[in-house]
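Proteins come first, then strands; the chains are lettered A, B, ... in the order of their sequence lines, and each starts at number 1.
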Amino acid sequence: MSAQSWFAVRKELSPKRRMFLGILSFVIPLAIWCLVSYVPFIWHPMVQVTDPGSVSYFTPGMLLEHEVFEREAEAAKEKGEAQPTGEPANPIYLPAPHQVAKAMYTAFTTEPKRRDEKWLHESLGNSIYVIAMGFLISSLFGVPLGILAGTYDVFSRLNEPFVEFFRYLPAPAFGALAVAVLGINEAPKIAIIFIGTFFQQVLVIANTTRKLDPSLLEAAMTLGAKRTSLLFRVVIPGIIVDLYKDQRILLGWAWTYLIVAEMIGASSGITWFITQQARYKNFENVYAAIFMIGVLGLTTDLLLAWIGRRIFPWQRSIAR
Amino acid sequence: MTQIQLPSYREQSPEVRARFERLKTRPVILEVQDLCKDFDTRQGRVTALRDINLTVHRREFVCVIGPSGCGKSTLIRMLAGLETQSSGQVLLDGQPVSGPGPDRGMVFQGYTLFPWLTVKQNVMFGLQVSGRSGLPEPTALQWIDLVGLSKFSDAYPHQLSGGMKQRVAIARALANQPRILLMDEPFGALDAQTRGRMQAYLLDIWKNIDVTILFITHDLDEAIYLADRILVLKAHPGEVQELIEVPVPHPRNPKQFLSPEFLATKARLEELIHPPQAETAGLSEDHLNMVRMVAVDDVVPEVY
Ligand SMILES: Nc1ncnc2c1ncn2[C@@H]1O[C@H](COP(=O)(O)OP(=O)(O)O)[C@@H](O)[C@H]1O
Ligand SMILES: [Mg+2]
């Protein structure tokens, strides 16, 4: 057991070690965050006032720069008045882990401040809807087009130069246009996700299709397969596993466009929630919302990976 | 080296001669006429094959042998229709071949099984795409049984050993009932023991079903053991050197590997494929420039 090195080049570690390292990858950043938050002499650039003393504008709980606090304390000392007291604190934009953890729960239970505002779960639902629609519409066109371009040179030559050009145009740049054409509600946001995903999708899937072992096509032809049967019985099943993997990666990219998309027109979804909470300086809620996106993305991906292992049984030994 | 007196590889026993006479009266399945192939590469035009002529009779077993890069694969790919010839033509049952088709089955060195299909589905593939009459499934199972893999009909290719994979590939090609079975170094990737077993299997299959086989190999023993006739190619450009009628009687068995006819044929093949003058010329280049790198007082100073 211990004979196996932790640093063997391109050797797989034992499942136990993999699991351990997987957990560690989350524990390390969390530990750093805890250190910064809970150990007073690490960072803590601010002072939180516990007793204002004689300083008139100090209130308990107030956050101040070190310098300001020292100056006022010095002044009070010289005048012989009651000195203020305080303890080191972090800026408001870095809440401690326990505050964020609490916010993860309270963010869902807090009633919106105004009647027309949404609960967090509604905002999240809205975001998921935008992502799902954008990705679905993109896939509806992108997947077949990618497969065709990867299979037939005609489609490849006809599509790819333009697609290659278009994918360099930043999707958010189309925001204003999308709003002008599609209004201010969900439609322009879905359009941005579409633009951000579609062009990459065509190229990635065309490439995956081209990577299919050509000898499989040759074998199929010597067995009597012709055009359509080659496409539907060899090309598509031959790439389906890699295509599925591509789709998982592309879905991850679609998430990165979400925030931009939601800022277009009437701000909505999780982005609206984040900006709103930032405005109220509820930074623990902001972090909670950001983590929720992460958790949502990771669980979706793990779920899709799990489903992939079920529906492609011939891959069970190869794919992890 | 002691010189063993071998008969000429041209000497045939009366039975063998009679068999070849009968063989030549069988209908012609495949005819290759003045087949040439040039490749246009960045370095210019390369002639891979020049003026290949060959006639294969029904249920004959022909091996093609030659040094690496002499165009064996190119030849068989043209017969399969996977590569177009530069000139000349290939006739199957008198009809010119254009493009691949199920009448010529092919078995590749790299197995090329469809990884997403089970053994049974792989064998059914040809039956389904060519829309043949009859039920694909029982037919497929029958072929799987023939290659002795009934127990594995629902396994996926990645669960099989190399020899088993190649048996599936053979069953898959045969299920289409091709006029000719083309095999490009099918056992080249297998270990010696498995290869021996596969050769025996193949002879068994060939004996029992109506199939003509064209088999590429670079293994001299394999060629002699399997073939009725051996087409010997030479490289640069690929041309026919000789078409040898193998004088080893049928049915074949591994004991014949040491028979005089077998050894005579092998000696001739050696001569054709590794010509003696090239050997001495090559020796000076191939010979390593060695110096003694063992200490004189080493525990094992000398291997003799
Ligand atoms: N697609 C190709 N393009 C250019 N040259 C090729 C191509 N295929 C084969 N050749 C050349 O043709 C010759 C014969 O190759 P091949 O038929 O694979 O030989 P073998 O199977 O006898 O080892 C080689 O010199 C090879 O470099
Ligand atoms: Mg070859």
Side chain from CB out, backbone as N, CA, C, O: work out which of these in B/L117 comes under 4.5 Å of a heavy atom of chain A, or both, or neither.
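No part of B/L117 comes within 4.5 Å of chain A.
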
Around [X], counting heavy atoms of other residues, nucleotides and ligands shown, do more than 12 lie under 6.0 Å from its [atom1]?
X	atom1	value
A/F141	CZ	no
A/F20	CZ	no
A/F174	CZ	yes

What are the two closest non-hydrogen atoms of [X] and [Y], and how far apart are they?
X	Y	value
A/A219	B/T112	CB-OG1, 3.6 Å
A/G224	B/P102	CA-CD, 3.7 Å
B/N176	A/L223	ND2-O, 3.0 Å

So how far is it from B/R77 CZ to A/T222 OG1, rounded to the nearest 0.5 Å?
10.5 Å

Interatomic distance, OH@B/Y111 vs CG@A/L216, rounded to 0.5 Å, equals 14.0 Å

Flag the pair A/E218 / B/M106 as yes when at least one side-chain heavy-atom distance between them is below 4.5 Å, and no otherwise.
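No, every pair of side-chain atoms sits at 4.5 Å or beyond.
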
Note, A/V241 side chain near B/W116 side chain (heavy atom, < 4.5 Å):
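No, side chains not in contact.
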
Mind ranking B/A80, B/P100, B/G110 by heavy-atom pairs under 4.5 Å with chain A and telling me who comes out on top?
B/P100

Looking at A/G238, A/S215, A/P237, A/A220, which has the largest count of heavy-atom pairs under 4.5 Å with chain B?
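It is A/P237.
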
